[in-house]
Chemist: 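Attaching a single structure in structure tokens format; questions to follow.
Ligands are counted one by one from 1 in listed order, and the atoms in each one are counted from 1 as well.
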Amino acid sequence: MFAIRIHETGGPEKLLPEEIALPAPDRGQLRIRVEAAGVNFIDTYLRSGLYKVSLPFLPGMEAAGVVTAVGAGVTGFRGGDRVATTNALGAYAAETLVPADKALPIPAAIATPTAAALLSQGLTAHFLATDTFPLKAGDTALVHAGAGGVGLLLTQLAKLRGARVIATVGSDAKVALAREAGADAVCVYTRENFTEAVRRFTDGRGVDVAYDSVGKQTFEGTLDSLRPRGLFVSFGNASGPVPAFAPLVLAQKGSLYMTRPTLNHYLRTPEELRARAADLFAWVAAGQLKVRIGATFPLASAADAHRALESRATTGKVLLQP
Ligand code: NDP
């Protein structure tokens, strides 16, 4: 079976196309023929070595496709079912294995590639907007990388909840996308000072919550964009990890709160996963949430997909097609 494998961490060139043997599904697992695999920024951290993995490693966690085999003890699924997951054991492949309790049936109204494009980033946007900081009407939120995969979905969910959003984007070409997602203001933070833009947007007050997935490059500016006792949500490191800092800084900047959440802690049970996914699927089916597939690469070009994502050349979701 054709798959991408990593034997050593490093640049995109470490994503090697190979023929591998995929075993039959173990107890509690499904085997899936992958129709679309989601490319997520976390895949680049695992490939580069920023996040540790044991090698050799089959990259990719997000997949949507068709069940081809069902392991012992699995109930509720059968061959031919369309399913999606954020926990595939190597999604960059023609076929993959997935724990059945992490697989979601795809509703009839949702196309298979849309499911692959929605789940990881949508579930992330869901927990950020509803639990990490339960946004409500009148709240103000800063969303960095507002034309990215998470950014477009998070902006839309924030607007559905009645918040006001200021989004940042890396180029003029991305402004319209952030606007279409509902951002009330958009700042091109590669040439404008986003903290000043936030101050203008909030009449000098600062935002209630800042969702920062950029990390190193935006850390200082994000701290300065919050109102007293506002919440700094650091949820990614697209520009590199946030450097070590003294907690006293939070006092000096206005008794700020800070959290560093990760998706798995907001999907602690199969019920929690299904409830968040049900919301997302319902919003998409109702036309309230738009999923933008910005680019689809052939599976064999996974390295090019990573290069595009890491060079800020993508918008919305990046998919691989076996
Ligand atoms: P995106 O589609 O948002 O791509 C990343 C974006 O970050 C780029 O398009 C770019 O947008 C921006 N960016 C800013 N500086 C850099 C830089 N130096 N290098 C590369 N990109 C930069 O990716 P995802 O939607 O997949 O993920 C977004 C973020 O959310 C990532 O940091 C990811 O790790 C995080 N995440 C965290 C999760 C969690 O559980 N904590 C779960 C899922 C995602 P622009 O050009 O507009 O600045």
Chemist: Say you draw a straight line from CD of Glu220 to OG1 of Thr222; how long is it, rounded to the nearest 0.5 Å?
Modeler: 9.5 Å
Chemist: Could I get the full list of salt bridge (Lys or Arg N to Asp or Glu O under 4.0 Å) partners for Arg227, not counting sequence neighbours?
Modeler: Asp208
Chemist: Have a look at ligand 1 and work out which part of Val318, if any, has a heavy atom under 4.0 Å from it: side chain, backbone, both or neither.
Modeler: neither
Chemist: Please report which non-hydrogen protein atom sits nearest to atom 26 (O) of ligand 1, along with the residue it belongs to and the distance in Å to one decimal place.
Modeler: Gln121 NE2, 3.0 Å
Chemist: Inspect the surroundings of CZ in Arg205 and state if more than 12 heavy atoms from other residues, nucleotides or ligands are less than 6.0 Å away.
Modeler: yes
Chemist: Run the contact test for Ala147 against ligand 1 with a 4.0 Å cut-off on heavy atoms, strictly below, and give the result.
Modeler: no
Chemist: To which protein heavy atom is atom 17 (C) of ligand 1 closest, and what is the distance rounded to 0.1 Å?
Modeler: Ala238 O, 3.5 Å
Chemist: Applying a 4.0 Å heavy-atom criterion (strictly less than), which segment of Thr124 is in contact with ligand 1: side chain, backbone, both, or neither?
Modeler: side chain
Chemist: Heavy atoms only: which of Gly151, Gly149, Ala173 lies closest to atom 1 (P) of ligand 1?
Modeler: Gly149
Chemist: Give yes or no for whether the N/O distance cutoff of 3.5 Å, strictly under, is met between Phe235 and ligand 1.
Modeler: yes
Chemist: Quick check on Arg260: does its CZ atom have over 12 non-hydrogen neighbours (other residues, nucleotides or ligands) under 6.0 Å away?
Modeler: yes
Chemist: Looking at atom 6 (C) of ligand 1, what's its closest protein heavy atom, distance included?
Modeler: Ala145 CB, 3.9 Å
Chemist: Considering both backbone and side-chain atoms of Arg312, is one of its nitrogen or oxygen atoms within less than 3.5 Å of a nitrogen or oxygen in ligand 1?
Modeler: yes
Chemist: Counting only N and O atoms by type, is there a donor-acceptor contact under 3.5 Å from the side chain of Arg292 to the main-chain atoms of Leu177?
Modeler: no
Chemist: How does Lys216 reach ligand 1, if at all, at less than 4.0 Å between non-hydrogen atoms: by side chain, backbone, both, or neither?
Modeler: neither
Chemist: Note the single closest protein heavy atom to atom 23 (O) of ligand 1, along with its residue, its atom name and the distance in Å.
Modeler: Phe41 CD1, 3.7 Å
Chemist: Linking directly or through intermediates, with side-chain heavy atoms under 4.5 Å: list the remaining ILVMFWY members grouped with Leu142, chain and number order.
Modeler: Ile166, Tyr189, Phe194, Val198, Phe201, Val207, Val214, Phe219, Leu223, Leu226, Phe232, Val242, Phe245, Val249, Leu250, Leu256, Met258
Chemist: Under 4.0 Å from ligand 1, counting heavy atoms only, is it the side chain of Glu310, its backbone, both or neither?
Modeler: backbone
